[in-house]
J.: 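Questions regarding the structure given below will be posed in turn.
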Amino acid sequence: MLELRPSCEHCNTALPPHSVEARICSYECTFCANCVRSVLRNVCPNCGGGFVPRPIRPSQNWKGDNHLGKDPASTVVRHRPVDAEAHHLFAAPIIDVPPEAR
Ligand SMILES: [Zn+2]
Ligand SMILES: [Zn+2]
């Protein structure tokens, strides 16, 4: 189950569970869409993978208790700003490899 982390790891902007700006990698490293585009260029600084929009967990109990009330979003902030220069070097050989081929 996704943790649904509360904020962007780089800029710390709030990413509540209903946010359509949240992006995650396969390890659920979580960033806002703006940072993924402008700073990370779709390369996760922690694993090198690409990002996808984070799905939105239903707030209502449509079926089987599968909703935010039962499985709430994480409140544990992970704020680890990326060093832009270091990321540039890390991402250079990865950036042109499509995520499905990394
Ligand atoms: Zn951000
Ligand atoms: Zn990652």
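Atoms within a ligand are numbered from 1 in the order they appear, just like the ligands themselves. For reference, positions follow the sequence shown, starting with 1. The analysis underlying the following values was restricted to heavy atoms, covering all of them including side chains, and did not include hydrogens, waters or symmetry mates.
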J.: Do any protein N, O or S atoms sit under 2.8 Å from the Zn ion (ligand 1), and which ones are they?
T.: C8 SG, C11 SG, C32 SG, C35 SG
J.: Any heavy-atom pair between the side chains of H67 and K70 that's under 4.5 Å?
T.: yes
J.: Is R5 close to V76 at the side-chain level, that is, under 4.5 Å between some pair of heavy atoms?
T.: no
J.: Would you say that T30 contacts R78 through its side chain, given a criterion of any heavy-atom pair below 4.5 Å between the two side chains?
T.: no
J.: Rounded to the nearest 10 degrees, what's the angle SG of C44 makes with SG of C47 at the Zn ion (ligand 2)? Could you check?
T.: 110°
J.: When you compare the side chain of P81 with that of C11, does any pair of heavy atoms fall below 4.5 Å?
T.: no
J.: With side chains defined as the heavy atoms from C-beta onward, is the minimum distance between N46 and R80 less than 4.5 Å?
T.: yes
J.: Mind checking whether L4 and L68 have side chains closer than 4.5 Å, heavy atoms only?
T.: yes
